[in-house]
Amino acid sequence: LDSKYLQFKNACKRQKIIEDDLFNTMDQFHKCKLIVIGDSILDQYSACEALGMSAEAPVVVVKELEQKNFIGGAALVAANVSSLGAHCDFISVVGSDENAKKLINKLKLSKVKTHFVIDKSRPTTFKKRYMVENQKLFRVSKLEDDMLSPDIEEKIIQKLEELAPLSNGIIVSDFVYGLITAKILKRLSELAEKYKLMLFGDLQCSSQVGNVTKFINYDLLCPNEKEARIALQDKESGLEALTQKLFKKTSSMRVVMKLGANGFIAYDKSLKKMNSQSFPALSTNPIDVSGAGDSLLSVMAVGLACKESMMVSAAIGACRAAIAVDTIGNYPIDKEILKEKVIQVFKN
């Protein structure tokens with residue numbers, strides 16, 4: 001871990017970033033007002049005891065002990081934005097069910113202002129992970145991933161039109177479950193241009209198929225390497241060439257290329273010349289990596305919407321992601337805990 005802290009400090013040194021820059025930027029977060037739009041997910045983690053192998057079939061037998069519910073998907077991005085001290089309006093679609101109520105209650109606790117459209121034709125997306133001693137056995141998902149009906153789509157657009165004039169930017173967190181339609185994307189771009197809003201795009205396709213290049217003229221894209229290669233149909237190019245292709249295809253201003261256990265590389269071409277910097281993953285034994293990308297996205301969006309430096313925001317994001325992977329389940333982490341992590345990284 002010491003070597004990763006050293007890599008991080010060397011990255012900051014190369015970008016002429018000192019510890020106080022991170023604190024000063026975090027102190028500006030409360031000035032930011034963001035809209036988050038995307039797929040809501042209720043995540044449930046079920047702790048189990050392994051009993052052995054079944055005599056009837058070659059399957060593992062477990063005894064379910066307890067369950068915990070967590071905010072997931074774009075809802076987690078919204079909760080993270082709020083926990084950083086920024087104001088967050090969250091637009092999403094949920095079903096008319098108990099899982100929607102659980103999600104709403106958890107988001108209220110996180111001080112997120114929710115603008116949910118109820119769609120009785122689909123359930124609230126629910127993912128259940130079975131765990132044995134912090135190891136995930138498998139996941140069961142209950143969801144509907146068809147595109148929205150025209151009337152639900154129109155209600156989402158009305159919410160966007162109502163909130164856009166009051167905001168600094170919009171985060172599009174697309175889990176490819178049908179909410180982010182072509183019509184909604186088009187209206188997002190029109191509203192961003194009309195009200196001079198920043199646009200931040202993230203598309204996750206771990207178990208579903210999506211294309212990050214549908215986000216055109218965004219201020220920031222946050223794909224992982226696999227998502228970028230799938231979108232560009234490029235298995236061969238090096239990371240630099242791949243990223244340049246993504247810039248050209250999307251006309252985006254900034255890209256964060258996520259590299260899993262190897263951290264991420266931040267690219268910024270909003271200045272006169274391209275500036276890039278790699279940041280290490282500040283954790284050696286991650287317990288649960290599912291919320292790391294959402295943590296990074298939320299910090300980057302809030303920082304940039306506050307007109308702060310991309311590289312300073314990226315440094316804060318690396319610290320925030322390290323906290324996320326060190327716990328089971330997705331917990332919004334408040335700014336004071338984040339500041340403690342920054343102190344820890346710079347002191348070691």
Side-chain angles (χ1 to χ4, degrees), residues 8 12 15 17-38 71 74-91 106-115 163-173 192 195-202 218-222 253-254 256 264 266 268 270 277 279 282 291-324 330-346:
F8 176 85
C12 290
Q15 295 295 326
I17 296 170
I18 61 173
E19 188 177 358
D20 281 349
D21 293 332
L22 276 64
F23 291 125
N24 292 337
T25 292
M26 284 188 274
D27 286 340
Q28 302 304 310
F29 284 174
H30 70 279
K31 298 178 181 178
C32 180
K33 295 185 75 172
L34 286 176
I35 298 168
V36 175
I37 180 171
I71 299 165
L76 177 60
V77 176
N80 281 330
V81 167
S82 183
S83 72
L84 292 169
H87 174 87
C88 182
D89 288 288
F90 179 45
I91 302 173
K106 285 189 170 293
L107 286 167
K108 279 182 180 176
L109 291 174
S110 295
K111 298 180 180 178
V112 174
K113 190 166 185 183
T114 56
H115 306 269
L163 295 169
L166 309 171
S167 302
N168 303 116
I170 303 172
I171 302 175
V172 184
S173 178
Y195 296 110
K196 302 295 185 284
L197 306 179
M198 299 189 82
L199 285 175
F200 313 99
D202 187 31
Y218 274 48
D219 293 278
L220 174 71
L221 299 181
C222 286
M253 295 301 292
R254 304 169 189 84
V256 168
F264 63 89
D268 185 358
S270 65
Q277 181 62 55
F279 288 88
L282 297 173
D294 298 322
S295 297
L296 179 58
L297 171 65
S298 58
V299 172
M300 296 298 303
V302 173
L304 290 170
C306 289
K307 308 299 182 187
E308 298 294 328
S309 153
M310 178 179 184
M311 294 305 171
V312 173
S313 300
I316 299 168
C319 295
R320 178 62 184 82
I323 300 171
N330 300 319
Y331 292 96
I333 303 297
D334 69 41
K335 200 162 59 176
E336 295 310 311
I337 294 174
L338 181 52
K339 286 183 175 181
E340 289 172 12
K341 183 67 177 181
V342 170
I343 293 169
Q344 178 192 356
V345 172
F346 273 93

Practice task
Give a yes or no answer on whether the side chain of N168 reaches the backbone of K33 with a donor-acceptor pair at less than 3.5 Å.
Solution key: yes
Exercise for the section: With the side chain counted from C-beta on, respond yes when F200 and M300 share a heavy-atom pair under 4.5 Å apart, and no when they do not. Expected result: no
Problem - Point-to-point distance, once rounded to the nearest 0.5 Å, from CG of L282 to CD of Q344 - result: 9.0 Å
Handout entry: Heavy-atom side-chain contact between M310 and S270 under 4.5 Å
Key = no
Handout entry: Interatomic spacing from CE in M198 to CE in M253 - rounded to 0.5 Å
Key = 8.5 Å
Fill in the blank from the handout: Note: A79 and I71 closest approach over all heavy atoms is CB-CD1, 4.1 Å
Completion exercise
Rounded to the nearest 0.5 Å, the CG atom of D89 sits from the CG atom of L166 at a distance of 8.0 Å
Handout entry: Least distance between heavy atoms, D202 atom then C222 atom
Key = OD1-O, 2.8 Å
Handout entry: Inter-residue atom distance K307.NZ - Q28.CD, 0.5 Å rounding
Key = 13.5 Å
Hey, can you pull the donor-acceptor pairs under 3.5 Å for the side chains in residues 311-321, sequence neighbours left out?
| from | atom 1 | to | atom 2 | distance (Å) |
| --- | --- | --- | --- | --- |
| S313 | OG | S309 | O | 2.9 |
| R320 | NH1 | S295 | OG | 3.2 |
| R320 | NH2 | N80 | OD1 | 2.8 |
| R320 | NH2 | Y331 | O | 3.4 |

Handout entry: Heavy-atom side-chain contact between I91 and V36 under 4.5 Å
Key = no
Handout entry: Side-chain touch L338/I323, heavy atoms, less than 4.5 angstrom
Key = yes
Practice task
Would you check if L34 and I170 make a side-chain contact, meaning some heavy-atom pair closer than 4.5 Å?
Solution key: no
Handout entry: Where at least one partner belongs to residues 17-30, residue pairs that pass salt bridge (Lys or Arg N to Asp or Glu O under 4.0 Å), sequence neighbours excluded
Key = D27-K339
Exercise for the section: Mind checking the OG1-CD spacing from T25 to E308? Nearest 0.5 Å is all I need. Expected result: 4.0 Å
Practice task
If the plane angle is over 60° it's perpendicular, under 30° parallel, otherwise tilted; pick one for F8 and F279.
Solution key: tilted
Practice task
Would you confirm whether K31, through its side chain, and C306, through its main-chain N or O, come within 3.5 Å as a donor-acceptor pair?
Solution key: no
Fill in the blank from the handout: Closest non-hydrogen contact found for V81 with C88 is CG1-CB, 3.8 Å
Handout entry: Trace of the side chain to side chain contact (heavy atoms under 4.5 Å, CB included) decision for F90 with V77
Key = CA-CA 9 Å; F90 179 45; V77 176; over 6 Å; no
Handout entry: Audit row: M26, V342, side chain to side chain contact (heavy atoms under 4.5 Å, CB included) steps and yes/no
Key = CA-CA 11 Å; M26 284 188 274; V342 170; 3.9 Å; yes
Completion exercise
Sequence neighbours excluded, the answer for salt bridge (Lys or Arg N to Asp or Glu O under 4.0 Å) partners of D334 is none
Handout entry: Check: L84 and S298 side chains under 4.5 Å, non-hydrogen atoms
Key = yes
Practice task
Taking the side chain as every heavy atom from C-beta outward, state whether D219 and L304 have any pair of such atoms under 4.5 Å apart.
Solution key: no
Exercise for the section: Taking all non-hydrogen atoms of both residues into account, name the closest pair between F29 and G303 and its distance. Expected result: CE2-CA, 3.8 Å
Practice task
Look up atom CD1 in I18 and atom SG in C12, then write down how far apart they are to the nearest 0.5 Å.
Solution key: 10.5 Å
Practice task
State, yes or no, whether a side-chain contact exists between K106 and V112 at a heavy-atom distance under 4.5 Å.
Solution key: no
Handout entry: Full working for side chain to side chain contact (heavy atoms under 4.5 Å, CB included) between I35 and I171
Key = CA-CA 6 Å; I35 298 168; I171 302 175; over 6 Å; no
Practice task
Answer yes or no: is there a donor N or O on one side and an acceptor on the other, between the side chain of S82 and the main chain of S110, under 3.5 Å?
Solution key: yes
